[in-house]
Amino acid sequence: MITPAAYMALAREIESRPFSGLKVLKTAVLSTFTADLLKPYLIAEGARRGLKLDFYFAPFNQLEQQILNEESGLYQFNPDVVILAARQEDLISQGEDLRFGLLRLKNLLAQARRQTHAGIFAFNFPGASQDFNAEWAQICNTIPDTYVFDCAAILDPMGTQAYDPKLWQLAKMPFTAEAQIRIAKQLARDLRAYKVPPCKCLVLDLDNTLWEGILGENGSEGIIIHKDFQNYLSALRQRGIMLALASKNTEAEALEVFSRHPHMVLKLNDFSARQIHWNDKAQSLRAIAKELDIGTDALAFFDDSPVEREWIKSQMPEVTVIDVPEKAGEYVRVLDESGAFDQLVISEEDQNRADLYRRAEGRKILQAQAVSLEDFLQKLQITVLPEKISHQNLQRVTQLVNKTNQFNLTTQRYTAAELLPFLNADHVSLALRVQDRFGDYGLVGVCLVKQTEIGEWMIDTFLLSCRVLGRKVETAFLSLIAEEVRQRRGRILSGIYRPTAKNAPAKDFYKDHHFSQMDPETWKLDITKHKIEIPDYIKVRFEND
Amino acid sequence: MTKATTDRLYRTLSQVFGVPAEQLSDASSPDTLPNWDSMTHLNMIVALEAEFEISLSPEQAMEMLSVKLIRMILQEAGVKDFS
C-alpha cells in the first residue's frame, strides 16, 4: 500500500518530468466538494495507467456557473473529459425531494453536452438506494458519451471508513484518504478505458513471474508455481485476451516446465506466441505483435525485472508496461487494477442514440431541457444581509481578513486590534452575510473604506469568501458600499487591486464595475454619475428589517 | 526520541512538500516552504495521520503551522518518542 505522502512525492515527480510516453488527457472536475485533494492520487494512478492527467478543478459548488456560462473556466480549458462529482445532499435544499437533485443534474448534463465534445463521467451516489442510482444511470444513458462513475460501489462497502468528518469540516472534502485513493484508482482506470483502446495481448516473463525462482539456477524442481496468478491469467484468456511469452531462458528447459511440472496451470497452447531466447526483449515484443498481426500498442507487458520494464518503456512507449509489485501475492490485484484490458461498454443502442443527437432533432430535445444561468440564479433566491462591523462580529471578520486569498483585492492582513480603528463612525466598514435556498453561508464578506485627506473614499479592503463567488454577490456588496458613501456625501470611490499568486479571480473587479484606471493598481469611480446596480435576482435585507 | 521518529516525520514532510529532508527544521513553516499552501496543508494532515496511525482533531489540524508545532501536536495526539 502506497502512503498518501508517497503519492504526493510521486505526483510531484510525474508533474515535473516531461514524460513522452504518457498520453495527455485534459480533465475538468466539477464538484460539490473540494475534489482538488484527489489530485496527487489521480496524477499518480493516471501515470501508472499511461495517462498524463492535466487538471482543471472548478471552484467547488459552482456546477451551474461553470456549465451554463459559455465563457466559464470549464469551457476555456477545453477539456477532453469532464468529471461531474455531486453529493446527493448538496443538490437539494432541506425538505426537497431527492428527485429534484436528479432533475437538476440532468439539465446540467444536457447543457454540458451541447457545449463540449468532452466525454462526461458522472459520479453516482454512495448511500443512495439502488433504484435511485439505477434511475441516474438511465438518465446518463440518454446523453451521448456520458458514463456513470460507480462511486457507490467503491464507498458503500467501506461504510463509515469512507468518511472523515474532520476533512469535511476543514475543507469540504467528505472522504478519508483511503476512500480518496480508491476513488482515484478506479477513476484513473475508467479514464484509461476512455482514452486508450484495450490491450489485446499480455506478454509475460517466466522466472519470478509465472513461477518463483530462476529456472537456469534452481532447476525445475527448485521453482514454485504462482498458481493464483496463473489461474487469473487463464481466466483472462477465457475473456479473449491473448497471452504470449517473452523470456530470457533456454527454450528447451522452459518448455519442459510446461509439459512436465505437475503444478503448472497454464499449458503451452494457452500462449499465442513465444519468444524464448537471450536477445533483446523489445525485439521480442515487436516479433510477437507481428506474428499476431496486431499493433505493438495493443501489447501489455508483465515482467518482474524493473530493468526490462524501463527498457521497454524507453524503446516502445506505446506498450502498456504493468508496474509489477515486488510481492507475487499482489500480482493479480495490480494486473487487474491496471485496467489494461478494460473497455467502456458501448452498446449498439448507445451508438444509434449518439447519431440521433448529432442531428438537429436531438439538439432540439436538449434545448427544451436547457435552463439559462439567469434562470438558475433567479431560482437560487440569494439574499445578502449587510451589517456594520462591530465587536460582535469582529472575530469572524478578523478570521476572514487573514485567510481569504482568492477574492481579495489587497490581501491586507490585520489583527483584531488593528481593525478597531475601522469601527469608528468616520469609516464605512461593512460585513456581508449571504443566504440562498440551499442554506446560510454565514458572514462571508468584508469591506473597509476610509476617507482620504482629499475627501475621497478609499477601499482599503474588499474580500469575499470563495464559497459565494460566481453569483455577482460582489456586485451587490460594492453597490451597498457605494450607497453608504453616497449617504455621507462622498463622490469619488477609489480602490486598489494588488495582485498576488492567488487573487486572480478579483483581477477585473474594478474594471468590470466601470472604475477608471489611474495607475497600474489604483482605480476610481464617480459614484454620483455611476450607479452600481444590484442584480435583480439578489435580495437585500438590512439589519433592522 | 528517538531520531527514528523525527526521521519519519521529516521523510513524510519531505514527500508532501517536495523538499529534501535536510532542508527541514523546527522553524520550517508556510512562510519558509513555498509549496505549503492551504491545499497542501490538508494533504499533509492526511499524510501524517496515515504515517503515524493517529486521528487529529480539526483544531489540531489547523494549528500545525510549523514543524515545531507539528511535533508538539503529534506528541499530544499520542505519538511517542519525540526528543
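Letters A, B, ... mirror the listed sequences (proteins, then strands); counts begin at 1. Hydrogens, waters and symmetry mates play no part in the numbers below; they use all other heavy atoms, side chains included.
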Is [X] in contact with chain B via its backbone, its side chain, both, or neither, using a 4.5 Å heavy-atom distance?
X	result
A/L167	side chain
A/P40	side chain
A/T34	side chain
A/N405	neither
A/Y41	side chain

To check you understand the geometry: which heavy-atom pair defines the closest contact between B/N43 and A/M8, and what is its length? O-CE, 3.2 Å
Between B/A50 and A/P4 the two heavy atoms that sit nearest each other are CB-CD, 3.5 Å
Between A/R12 and B/N35, is a side-chain contact (heavy atoms from CB on, under 4.5 Å) present by the stated rule, with each step listed? CA-CA 11 Å; A/R12 231 177 254 292; B/N35 286 334; 3.2 Å; yes
Under 4.5 Å heavy-atom distance to chain A, tell me which part of B/T40 shows up: side chain, backbone, both or neither. side chain
Does any heavy atom of chain A fall under 4.5 Å from the side chain of B/L13, the backbone, both, or neither of them? neither
Greater than 12 external heavy atoms within 6.0 Å of [X]'s [atom1]:
X	atom1	answer
A/E89	CD	yes
B/M72	CE	no
A/Q399	CD	yes

Contact winner vs chain B - A/Q180, A/Q169, A/K502, heavy-atom pairs under 4.5 Å: A/Q169
Rounded to the nearest 0.5 Å, how far does CG of A/L37 lie from CD1 of B/I45? 11.0 Å
Let me confirm one number: the CG-OG distance from A/D36 to B/S38, rounded to the nearest 0.5 Å. 9.0 Å
Quick check on the interface: out of B/V16, B/L48, B/T12, who has the most heavy-atom pairs with chain A under 4.5 Å? B/V16
After noting the C-alpha distance and the side-chain angles of A/K166 and B/E49, does the key distance pass the salt bridge (charged side-chain N to carboxylate O under 4.0 Å, His left out) rule? CA-CA 12 Å; A/K166 169 182 72 261; B/E49 288 186 327; 2.5 Å; yes
Just wondering, do A/M173 and B/L42 contact through their side chains at under 4.5 Å, heavy atoms? no
